[in-house]
Amino acid sequence: MKDLITQEVIKVPKGVNVSIKGRVITVEGPRGKLVRNLQHVSVDLKLIKTKKQEVIHLTVWHGGRKQVACIGTIKSAIQNLIKGVTQASGVPSPSYSVEGFLYKMRLVYAHFPINVIIQDGGKWVEIRNFLGEKIVRRVDMLDGVIISESTGQKDELILQGNDVNNVSQSAASIKNSCLVRHKDIRKFLDGIYVSEKTVVQELETEE
């Protein structure tokens, strides 16, 4: 059975400019600009401006079960764009500086310590001595993602960026570069794993 119409509404916070053209949505805010192409999904996107605020209407006409399920995915994608360019909490505050999305990764090893060398200001990273191997693994960060070493925790990496897709994919690339092969993975647990997915929203700035 198909529903006649399914709708969702997204409120655009103050300080954010949204433009929609041919299912290509552009979001600009204090932290920068993000663009997402949604032409592969049959969803009507309309930006409605009122005196109080702007809202984005998402509509699916005569959609089946799969088409209706897509509207929630598109809504989350747009909300993540807004989060990435504004305050991570969604409520602008002049006394806070937000760095967008933040992933934490931990280095796990039993005998051979994993050596991580961050290069070019956090744009790419070298991984050495994984399971004692001589091979040097290089992982490039995606656009807008910066990697750094944690100052408060040993063997921890921090990835930050505005686009949650790029941050998560960069973390996945690091994890996949250190897979244990031809051994029992129940015994050999070495690798670099994501330990926390969060946003930075409590870095107070000095006035």
Side-chain angles (χ1 to χ4, degrees), residues 3 5-64 66-103 120-124 139-148 158-174 194 197-203 205:
D3 296 329
I5 183 173
T6 305
Q7 288 185 316
E8 290 285 353
V9 177
I10 302 174
K11 296 181 180 179
V12 179
K14 293 182 179 179
V16 177
N17 295 323
V18 177
S19 63
I20 300 173
K21 184 176 181 181
R23 292 184 193 158
V24 177
I25 183 168
T26 303
V27 181
E28 294 187 55
R31 292 206 45 80
K33 174 181 176 181
L34 293 175
V35 179
R36 185 63 43 82
N37 190 335
L38 303 174
Q39 293 180 342
H40 61 286
V41 183
S42 298
V43 177
D44 288 341
L45 302 175
K46 290 185 178 180
L47 179 64
I48 299 177
K49 299 181 180 181
T50 62
K51 293 182 179 180
K52 294 184 179 180
Q53 66 176 151
E54 296 181 355
V55 294
I56 303 173
H57 277 258
L58 290 78
T59 307
V60 173
W61 296 89
H62 302 286
K66 291 184 178 180
Q67 286 75 24
V68 171
C70 287
I71 197 170
T73 303
I74 299 303
K75 180 180 179 181
S76 297
I78 296 175
Q79 287 175 335
N80 284 335
L81 293 177
I82 295 174
K83 273 187 179 182
V85 300
T86 59
Q87 301 286 336
S89 61
V91 180
S93 172
S95 62
Y96 286 86
S97 173
V98 179
E99 301 297 330
F101 293 94
L102 182 146
Y103 276 38
D120 199 11
K123 293 184 179 180
W124 58 280
V139 181
D140 293 313
M141 300 296 102
L142 295 180
D143 186 35
V145 180
I146 298 296
I147 185 172
S148 60
I158 296 177
L159 286 78
Q160 299 184 49
N162 294 344
D163 193 337
V164 66
N165 289 355
N166 287 354
V167 175
S168 59
Q169 183 57 60
S170 297
S173 298
I174 293 175
V194 175
K197 303 175 183 179
T198 182
V199 290
V200 181
Q201 57 186 358
E202 296 182 355
L203 297 178
T205 58

- prompt: How far apart are the closest heavy atoms of Gly122 and Met141, and which atoms are they?
  reply: O-CG, 3.6 Å
- prompt: Residues in side-chain hydrogen bond (donor to acceptor under 3.5 Å, both in side chains) with Asp140, at least two apart?
  reply: Arg138
message: For Gly32 versus Val85, what's the shortest heavy-atom pair and its separation?
response: O-CG1, 3.6 Å
field: Sidechain-backbone polar pair: Gln39 side chain, Gly22 backbone, donor-acceptor under 3.5 Å
entry: yes
- request: Under the side-chain hydrogen bond (donor to acceptor under 3.5 Å, both in side chains) rule, collect the residues that match up with Arg36, sequence neighbours excluded.
  value: Asp163
- line: Taken in chain and number order and not counting sequence neighbours, the residues that satisfy side-chain contact (heavy atoms from CB on, under 4.5 Å) with Val68 are Asp3, Thr6
Flag side-chain contact, heavy atom, 4.5 Å: Lys33 against Thr26: yes
- prompt: Heavy-atom distance under 4.5 Å between the side chains of Leu159 and Ile174, does that happen here?
  reply: yes
Value rounded to 0.5 Å, distance of NE2 in His62 from CD in Gln67: 12.5 Å
query: Going from CD1 on Ile25 to CD1 on Ile78, what distance comes out if it is rounded to the nearest 0.5 angstrom?
result: 4.0 Å
statement: Across all chains, not counting sequence neighbours, the salt bridge (Lys or Arg N to Asp or Glu O under 4.0 Å) partners of Lys75 are Glu8
- prompt: Is Leu38 close to Leu45 at the side-chain level, that is, under 4.5 Å between some pair of heavy atoms?
  reply: yes
query: So, do Ile10 and Val18 sit near enough that their side-chain heavy atoms are less than 4.5 Å apart?
result: no
- prompt: In Å, rounded to the nearest 0.5 Å, how long is the span from NZ of Lys123 to OG of Ser170?
  reply: 13.5 Å
Just distance, no hydrogens or angles: give the donor-acceptor pairs under 3.5 Å from side chains in residues 51-61, sequence neighbours left out.
| from | atom 1 | to | atom 2 | distance (Å) |
| --- | --- | --- | --- | --- |
| Trp61 | NE1 | Asp44 | OD2 | 3.3 |

query: Which distance, rounded to the nearest 0.5 Å, do you find between the CG of Leu102 and the NZ of Lys197?
result: 13.0 Å
query: Can you tell me how far CG of Asp120 sits from CD1 of Ile147, rounded to the nearest 0.5 angstrom?
result: 13.0 Å
field: Those residues that, when tested against Asp143, pass side-chain contact (heavy atoms from CB on, under 4.5 Å) (two or more places apart)
entry: Asn166
query: Could you give the distance from NZ (Lys83) to OG (Ser76), rounded to the nearest 0.5 Å?
result: 9.0 Å
Residue pair Pro30 / Gly15: nearest heavy atoms and the distance that separates them: CD-O, 3.8 Å
With Val164 via side-chain contact (heavy atoms from CB on, under 4.5 Å) - residues at least two apart: Asn80, Phe101, Tyr103
